[in-house]
Structure formats: structure tokens, C-alpha cells
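Here is the structure we will look at.
Start at 1 with the first residue, then count along the sequence. Side chains included, hydrogens not; waters and symmetry mates left out as well; all remaining heavy atoms used. Quantities reported herein were computed from a predicted structural model and do not represent experimental measurements.
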Amino acid sequence: MTDTQHTKVLIIGSGPAGYTAAIYAARAGLEPIQILGREPGGQLTITTDVENYPGFADPIEGPWLMEQMQAQAKNVGTKTIHDFITDVDFAARPMKATAESGAIYTADTIIISTGAKARWLGLESEYKFQGLGVSACATCDGFFYRNKPVAVIGGGNSAVEEALFLANMTSKVTLIHRRDSLRAEKIMQERLFAHEKIEVIWDHVVEDVVGITREDAAKDGGIPGMTGLLLKNVKTGEGSDLAVEGMFVAIGHDPATEIFKGKMEMDSEGYILVKPNTTQTSIPGVFAAGDVTDKIYRQAITAAGMGCMAALEADKYLGAS
């Protein structure tokens, strides 16, 4: 027999947006159910040090922050479930969500907080050095590389923005692009080329990230961290070394919206569209919060703020219906 549960508020996804929505919904007496997804906590679970989340004088670890948010959501009355939603039916009333386990959840309102993932280069060493020099967010981690040389990978607006941002605090920024021209807007390119602390390496890709991994440090000693990159010229095949202490991958993000495609309004990149100054989607009673709808800021604090908004708007919607 299929397990079916009903809730006034179903929260799909976790992370700062989902957990904050759960906290506010539970405190409003809505008894929310939160389906955590395959990676509870989202992108912050691979962030070693968090220094820009208000309320903590010293750096905190991303996984710990997510554990605390989840515990707080549970303590105020949220039912958290380790499962993954594979399909939704917004046309049904109450709306219906089907989970990987086979469980079915019906809901009067739904808050989508499935987040987004940075695109990576796909290198094994890239994974080993995440949190040890490899990042996909300059505004999150740039501070840790003050007065140090870093590299930015990419050729679009995001890459140029990250390079210009990092140039304000690092000793040097090297932008590495696989082509011989940038896709970024012309005015941004002009700022990039004019900056004395930024150098561009054309027609190159990153072959490997080098340094001391956590495993190496545990076995042989030393301080873990990346020390440089191995590059390859895509036209000649020639290899070269680049000494940097940080690498920022800026080749785009992908929102986790696959199961919602064709069922609600999205932009060309798959981000869920919401009405201005709200978290309301094109479906009445469905709200979106965090990186699933935000491709501009992509910060834990802004995601948490949108989670609060979504819960308050869901409560208002329920009160009016």
C-alpha cells in the first residue's frame, strides 16, 4: 500500500532557503513536511569555512551550519524526511508530489528550495581541493585569498565579474579561457583588460590542480592546500605550470529544476520565475526560494531571506483560501 501523507506546506529541498522556510512555517503552526533531497544542506555542505553569515564572530563550517538549521527546523515542529521528489502534479488539488521511495505527499502549498549547483571542470583533483583552494564563489571565499595569487576559469560575464571582484583583494588574478575571445559584455571586457592586476591566458584549459591534499597531509605532513595548476594549450597541446593558491571556477550554475520543467514558468536557463518582490511562482500556492530562482546573489543569507518570505507568503495564501 502506498504511503500517502498530507500537509498544509510541503517544502521540497533543504539548504538555507528550505530550512528557514521550514522554521517559519512550523512557528506559524502549519506543521510543514520537508523532503530533504539527496544532498541535505546543498552547496554549503562542501564549504569548509563560512565567514559571512551574520551572528558568528569566528568562521564556521558550512556542514555544521546546515546541521544547526535542520535541528532548529525539527525542534520547532517540522517533519524532515530523507527522500527525493521525482514528480509533481500542480494541477491536482491538493497538489501532489511523488518521492523516490514511492511515498506520495499531498499539499495545500508547496515551497521549492531545490537550489542550484555550480558547473565544475570534472577533474578528480578539483574535487580533492574543494575548500582547499578550489571554489565556485568569489564573494563567498575571496576574502581567504587576500594578497595571494589566484586564477579564474571561464569567459563569460560571471568569470569577468569574479576576476574584477578578486582583483580588489588578491595580489594577482589570472583569467584562463579555452578560447581566444571572451563572451562577456564589451564594457566588462574593457574593465578587465584595463586592470593592472589581471592577466588573461587564452586558448588554455586546466589539466590538473596540484598541491597537498588532506590525505597527503595526514600521511606525510604539511599544510593542505593547492599550490598551482597544470595548464594545456588547446591549439598546440603544450603544457605549462601556473603558481596560484586559489582557483575560482566560473563556468555557470545549473538550477535543480528538472522535475518542474513544463509545469511552471522558467527562464531560458531553467531558473524558476517569480513575481517581482515575492516568491510567488506562476502556479497559485507554489513558491520558490533560494538559488532555484536567484542567479544574481547566490548567497546563504539571501537564500535564507527568501525562505522566510516563502513561508510567510504560504501562510497568507492559506489564510486567504
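Expressed to the nearest 0.5 Å, how far OG1 of Thr281 lies from NZ of Lys275 amounts to 8.0 Å. Note that CD1 of Ile110 and CD1 of Ile85 are 8.5 Å apart. Values are rounded to the nearest 0.5 Å. From Tyr105, atom OH reaches atom CD1 of Ile12 across 10.5 Å, with rounding to the nearest 0.5 Å. Atom CG of Asn75 is separated from atom CD1 of Ile23 by 9.5 Å, given to the nearest 0.5 angstrom. Note that NE2 of His195 and CG of Leu175 are 13.0 Å apart. Values are rounded to the nearest 0.5 Å. Here CD1 of Ile33 is found 10.0 Å from CD1 of Ile11. Values are rounded to the nearest 0.5 Å.
Looking only at distances, no side-chain donor or acceptor of Glu100 sits under 3.5 Å from a matching main-chain atom of Phe84. Proximity of a side-chain donor or acceptor of Ser14 to a complementary backbone N or O of Gly41 within less than 3.5 Å is detected. Lys197 places a side-chain N or O within donor-acceptor distance of the main-chain N or O of Ala167, the cut-off being under 3.5 Å. A donor-acceptor pair is defined here as one N or O able to donate and one able to accept, closer than 3.5 Å; no such pair exists between the side chain of Glu31 and the backbone of Thr7. Although no hydrogens or angles enter the test, the distance criterion places a donor-acceptor pair under 3.5 Å between the side chain of Asp203 and the main chain of Asp180. Thr78 places a side-chain N or O within donor-acceptor distance of the main-chain N or O of Ala22, the cut-off being under 3.5 Å. Within the 3.5 Å criterion, the main-chain N or O of Gly13 finds a donor-acceptor partner in the side chain of Ser113. With Asn157 contributing its side chain and Glu185 its backbone, the two residues share a donor-acceptor pair below 3.5 Å. Gln299 places a side-chain N or O within donor-acceptor distance of the main-chain N or O of Tyr297, the cut-off being under 3.5 Å. Under the 3.5 Å distance criterion, the side-chain polar atoms of Thr114 are matched with a main-chain donor or acceptor of Ala256.
Under the 4.5 Å side-chain contact rule for hydrophobic residues, Phe144 and Trp64 do not share a cluster. At a threshold of 4.5 Å between side-chain heavy atoms, the hydrophobic network of Ile, Leu, Val, Met, Phe, Trp and Tyr places Ile259 and Ile35 in one connected group. By the rule that hydrophobic residues join a cluster once side-chain heavy atoms approach within less than 4.5 Å of another member, Ile187 and Val160 end up as members of one cluster. Under the 4.5 Å side-chain contact rule for hydrophobic residues, Phe193 and Val152 share a cluster. Residue Val206 is not grouped with residue Val210 when hydrophobic side chains (ILVMFWY) are merged at heavy-atom distances under 4.5 angstrom, including chains of intermediate members.
The two residues Ala217 and Ile212 come nearest to each other via the heavy atoms N-CG2, 3.8 Å. Between Ala21 and Ile111 the shortest heavy-atom distance is CB-CD1, 4.0 Å. When all heavy atoms of Thr139 and Phe165 are compared, the closest pair comes out as CA-CE2, 3.7 Å.
For the pair His177/Arg183, a side-chain contact is recorded, criterion being any heavy-atom separation below 4.5 Å from C-beta on. In this structure, the side chains of Thr293 and Leu273 stay at 4.5 Å or more apart for every pair of heavy atoms. The closest side-chain heavy-atom distance from Leu229 to Val244 is below 4.5 Å. Leu182 places a side-chain heavy atom less than 4.5 Å from the side chain of Leu192. His204 has its side chain within reach of Asn233: a pair of non-hydrogen atoms, C-beta onward, lies under 4.5 Å apart.
Annotation: side-chain contact (heavy atoms from CB on, under 4.5 Å) contacts of Thr257 (sequence neighbours excluded): Pro255, Phe260, Lys261, Met266, Ile272, Val292. When the disulfide (SG to SG under 2.5 Å) test is applied to Cys140, the partners found at least two apart in sequence or on another chain are Cys137.
Glu258 CD: more than 12 foreign heavy atoms inside a 6.0 Å radius. The neighbour count for Phe56 CZ, taken as heavy atoms of other residues, nucleotides or ligands under 6.0 Å away, is above 12. Glu265 CD: 12 or fewer foreign heavy atoms inside a 6.0 Å radius. Counting non-hydrogen atoms of other residues, nucleotides and ligands closer than 6.0 Å to NZ of Lys263 gives a total above 12. Shown here is Arg179, whose CZ atom has no more than 12 heavy atoms of other residues, nucleotides or ligands within 6.0 Å.
Applying the salt bridge (charged side-chain N to carboxylate O under 4.0 Å, His left out) definition to pairs two or more places apart or across chains, those involving residues 111-126 are Glu39-Lys117, Arg119-Asp254, Glu124-Lys128.
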